[in-house]
There are 4 protein chains.
Amino acid sequence: MSLAESRPRPDGPVRGRPRSEAVERAIIEGVMKLLEDGVSLAELSVERIARTAGVGKATIYRRWSGKEELFIDVVRAVEPADPELPGVCMRDDLVVLLENLRQRGLASRTSAMLHNAHAQMKSSPRIWAAYHANVVAPRRALGLEVLRRGQRDGELRTDVDLELANDMLVGPMLTRAVLRPDAELPEGLAEQIVDTVLEGLRPVRSTAS
Amino acid sequence: MSLAESRPRPDGPVRGRPRSEAVERAIIEGVMKLLEDGVSLAELSVERIARTAGVGKATIYRRWSGKEELFIDVVRAVEPADPELPGVCMRDDLVVLLENLRQRGLASRTSAMLHNAHAQMKSSPRIWAAYHANVVAPRRALGLEVLRRGQRDGELRTDVDLELANDMLVGPMLTRAVLRPDAELPEGLAEQIVDTVLEGLRPVRSTAS
Amino acid sequence: MSLAESRPRPDGPVRGRPRSEAVERAIIEGVMKLLEDGVSLAELSVERIARTAGVGKATIYRRWSGKEELFIDVVRAVEPADPELPGVCMRDDLVVLLENLRQRGLASRTSAMLHNAHAQMKSSPRIWAAYHANVVAPRRALGLEVLRRGQRDGELRTDVDLELANDMLVGPMLTRAVLRPDAELPEGLAEQIVDTVLEGLRPVRSTAS
Amino acid sequence: MSLAESRPRPDGPVRGRPRSEAVERAIIEGVMKLLEDGVSLAELSVERIARTAGVGKATIYRRWSGKEELFIDVVRAVEPADPELPGVCMRDDLVVLLENLRQRGLASRTSAMLHNAHAQMKSSPRIWAAYHANVVAPRRALGLEVLRRGQRDGELRTDVDLELANDMLVGPMLTRAVLRPDAELPEGLAEQIVDTVLEGLRPVRSTAS
DNA sequence: CTGTAACCGAGACGGTACGTCCGGTCTTATA
DNA sequence: TATAAGACCGGACGTACCGTCTCGGTTACAG
């Protein structure tokens, strides 16, 4: 997706000096770096962003209406593509999805995006809405799709609420990554979660596993 | 615990006019009301708090070092006591715990506390640490205790990681309450989560349930 | 005249910390110095004044609505008192008045005030109006008074327009000080002007002088 | 004098599209109109001039280094030719010169030029220097020439400083036109000034007039 | 009962950032 | 090459809060 398309110049024929893409990149990179370095979005000011990127404030306001809109584009520039699913069996696809989530929880960039997007949820709902639409919703749709296929193929109980099933898988990972930032995300976590959730916690499972 | 003890006057013999407890309550109540009305902690300023409570700024700074410390006391004043557990069987105790979580997710006060505490996690880790220690940790300990008892009583597989088990139960509720604020928390949700998690998602459960 | 009276606090009873007179003086002194150093009023910004005086911008805006109003107070602080007139004869009084004008044209402070006040005449007429009322008008009234007394005492033709007479005396001095800043104001200039103007330019004056 | 000559194209052989003289006139006319309408030179910006004239900013900067240089050309375009002197007697010639000065003080164009040129004296001395050389100096030379001739022909005292005599004549007119913009310049003013200055202010003039 | 010390409200203080506007320079497409 | 348009960096605008400070006035304990 071209960034320019989302913040178009007002009208039709292009006249005058065009906006510099280099400047645009410098601004977005600057914000990215600052967030990555632990500066929260609330602490960021347009003034500081401009100073960091060596850019006039007007140059930023010409493109975005404020740091919130800018942050949305930063998220877009950072989030990786959807993971490729092997498609062999539901269990393995779920592991891939959760492993992808784990990786993003470990990466400082995507992690910082998530934390800051969520932190601004109350003060500027637009940010969280955009983050949700661009990042959360696609992965969620993917997960539901995998579960639906699993149900069709007999790998999943047919009487279970798919939304709830998805939350049971994603919840433990998010809880650790988002709400307990001191928690670790060890290597086998994705498999462990998927298998435990599929198996259930009842002790009577003699034949399974 | 007396609030006054946590923000003591500097030294020994009490001289001069004592601090007014009424003023103290007015300040905390004011902050509570503002947060409840959708004003985020980031948008709050000591200036505004003082105006709202009809109080001088110095009166606030005399007691707390800033709005973060003040917020911690607000949280303390708001959070209810731990729920009482029937203790009959693990499943019912878990339902009570999750139901308690659901209620707190529905209550505007406690919900606002959680959201704001988490939103400030990055910018002021002290807030989240205090919230965690005062609110999260006790409930978490309670949950782990219930699970441990269940394991001992044969209601829970012995080979499951208790931390993970707890996250599987709490995760879906928190995911909905915290990360998807548009999601509903319908009435039977606690039972539904507990039962589905205990049962697992595998289809082969002909005899169980 | 007390400066405080001209920029009063909004209402009646004095509450809160009173405004610092030291800060007030520092600001006015700072502007004075800058103008004296050749910085024109147009080049001055409130930002710069604040930086120079080591003062916050709000501290300036709390007292004055902008640099124009501030300048008016600077003028008030700089202009010296009216000269004392010997009152023996009209000719000597006129010399004293013109000598006073010459001195003020030579002094960098008063000279800078005049030039800047006049330069802003078009862009902010309030400045020139205030300067005129505070500085020009009193001296002019003084001059007219002296001339009127001279007319009464037979030292001045009775058929001459007093306004014009005053302009004839003051004009040459101002022309040199204001419109031809490279011109000198040599020591005997006041006497020379007064005597030449009184005497006239016609050659037939054999007996006089 | 061709205006183009004073702002030449950089070098030798003329290549590419030639500069439009219509554009040049439009710019100068625009500035003239703005000044005449009471907009001070300090309030003018190249940006605004360009907008008014419907011209790109670069088109202006290609010809002049800034609004100051442009203003000098505007002055050149506005100032009328020197007055023709009858040459019969000094007194009448002086009246013609002062009447010419009065007319220019009454005309909005020339008056605006003078005020703005003088207002910018401090901030951009080049403007006043140019104005002085182009407008003031020639008239002044003319006046001194007339006085010198009058001295030779016995119409003027030989012991008077010609520079001072000139200032005595011009001063009252300028004082009113420049420093007291509310003052009127009534019809017979030129004669009144000349006659009063020649005659002097002493009452003993029984035979004269 | 009187000092006196800490309290209280208000608001001034030096700063920082806000979002807007305009300065002069630079860079494009078009003529 | 000239032109009109407009992006570029920089900097001032006047406002809002920041956290500290300094007022006049209040309150409650100690002597």
Side-chain angles (χ1 to χ4, degrees), chain A residues 9-10 13-24 43-51 53-63 65-67, chain B residues 9-10 13-20 22-23 43-51 53-63 65-67, chain C residues 9-10 13-20 22-24 43-51 53-63 65-67, chain D residues 9-10 13-20 23 43 45-48 50-51 53-63 65-67:
Chain A
R9 294 232 255 163
V14 178
R15 303 222 276 163
R17 176 176 175 177
R19 291 185 185 161
S20 158
E21 290 191 27
V23 163
E24 197 138 330
E43 292 162 349
L44 269 187
S45 61
V46 175
E47 193 113 8
R48 181 169 176 185
I49 295 171
R51 254 197 321 264
V55 146
K57 280 197 289 180
T59 302
I60 295 181
Y61 283 112
R62 205 174 286 126
R63 292 169 162 79
S65 68
K67 66 180 176 185
Chain B
R9 295 230 260 168
V14 178
R15 305 225 279 155
R17 176 179 174 178
R19 291 185 186 160
S20 158
V23 163
E43 291 162 348
L44 271 187
S45 62
V46 174
E47 190 115 8
R48 181 168 176 186
I49 295 171
R51 247 189 335 255
V55 145
K57 282 195 287 182
T59 302
I60 296 181
Y61 282 111
R62 203 173 288 124
R63 291 168 163 79
S65 69
K67 66 179 177 185
Chain C
R9 295 233 255 163
V14 178
R15 303 222 275 161
R17 177 176 175 177
R19 293 186 185 159
S20 159
V23 164
E24 198 138 328
E43 291 161 349
L44 270 188
S45 61
V46 175
E47 193 113 9
R48 182 168 177 186
I49 295 171
R51 256 196 319 266
V55 146
K57 279 198 288 179
T59 301
I60 295 180
Y61 283 113
R62 207 172 284 125
R63 291 168 163 78
S65 68
K67 64 179 176 183
Chain D
R9 295 228 262 170
V14 178
R15 305 222 281 153
R17 176 175 171 178
R19 289 184 187 164
S20 157
V23 164
E43 291 162 349
S45 62
V46 174
E47 188 117 6
R48 182 167 177 186
R51 250 193 330 263
V55 144
K57 282 196 282 182
T59 302
I60 296 180
Y61 282 111
R62 204 173 287 121
R63 290 169 162 78
S65 69
K67 66 178 175 184

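In what follows, chains are A, B, ... by sequence order, proteins preceding strands, each numbered from 1. All heavy atoms count here, side chains included; hydrogens, waters and symmetry mates do not.
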Nearest-angstrom distance from the residue atom CD of Glu47(A) to P of dG19(E):
10 Å
Closest heavy-atom pair, Leu44(A) versus Arg48(A), reported as atoms and distance to 0.1 Å, is CD2-CD, 4.4 Å
dT16(E) OP1/OP2 closer than 4.0 Å to side-chain N/O of Arg51(A):
no
Any residue meeting side-chain hydrogen bond (donor to acceptor under 3.5 Å, both in side chains) with Lys57(C), in chain and number order, not counting sequence neighbours
Glu47(C)
Between Thr59(C) and dA12(E), is there a side-chain N or O to OP1/OP2 distance below 4.0 Å?
no
Side chain of Arg17(B) - closest among dG25(F), dG19(E), dC13(E):
dG25(F)
Indicate the atoms forming the closest heavy-atom contact of Ala50(B) with Gly56(B), along with that distance.
CB-C, 4.2 Å
Check: dG9(E) base within 3.5 Å donor-acceptor of Lys57(B) side chain
no
From CD (Glu24(A)) to CZ (Arg63(A)), nearest 0.5 Å
4.5 Å
Val46(B) side chain: which of dG19(F), dA17(E), dC13(F) is closest?
dG19(F)
Look at Arg15(C) and dG24(F) and indicate whether a side-chain polar atom (N or O) is within less than 4.0 Å of OP1 or OP2.
no
Using a heavy-atom cut-off of under 4.0 Å over every strand shown, decide if Gly54(A) touches base, sugar-phosphate, or nothing.
sugar-phosphate
Nearest listed nucleotide, side chain of Tyr61(D), among dC18(E), dT25(E), dC13(F)
dT25(E)
Out of dA4(F), dA10(E), dG24(E), whichever nucleotide has its closest atom nearest the side chain of Val55(D)
dA4(F)
Please give, in whole Å, the distance from dG19(F) P to Ile60(B) CD1?
11 Å
Using a cut-off of strictly less than 4.0 Å, decide whether Ser20(B) has a side-chain nitrogen or oxygen near OP1 or OP2 of dT27(F).
no
For Glu21(A) and for Ser65(C), find the nucleotide of DNA chain F with the closest heavy atom, then tell me which residue's nucleotide is more 5'.
Glu21(A)
Please confirm whether the shortest side-chain N or O distance from Arg62(D) to OP1 or OP2 of dT3(F) is below 4.0 Å.
yes
Val23(B) or Val23(C): which one's nearest nucleotide on DNA chain E is closer to the 5' end?
Val23(B)
Go nucleotide by nucleotide along DNA chain E from the 5' end; which of Gly56(C) and Ala58(D) gets its closest nucleotide reached first?
Gly56(C)
Out of dA7(F), dA12(F), dC18(E), which has the shortest distance to the side chain of Arg19(A)?
dA7(F)
Between CG of Leu44(C) and P of dG14(F) the distance, given in whole Å, is 13 Å
Do the side-chain N or O atoms of Arg63(B) get closer than 4.0 angstrom to the phosphate oxygens (OP1, OP2) of dC8(E)?
yes
dA12(F) P sits how many Å from Arg48(C) CZ, rounded?
9 Å
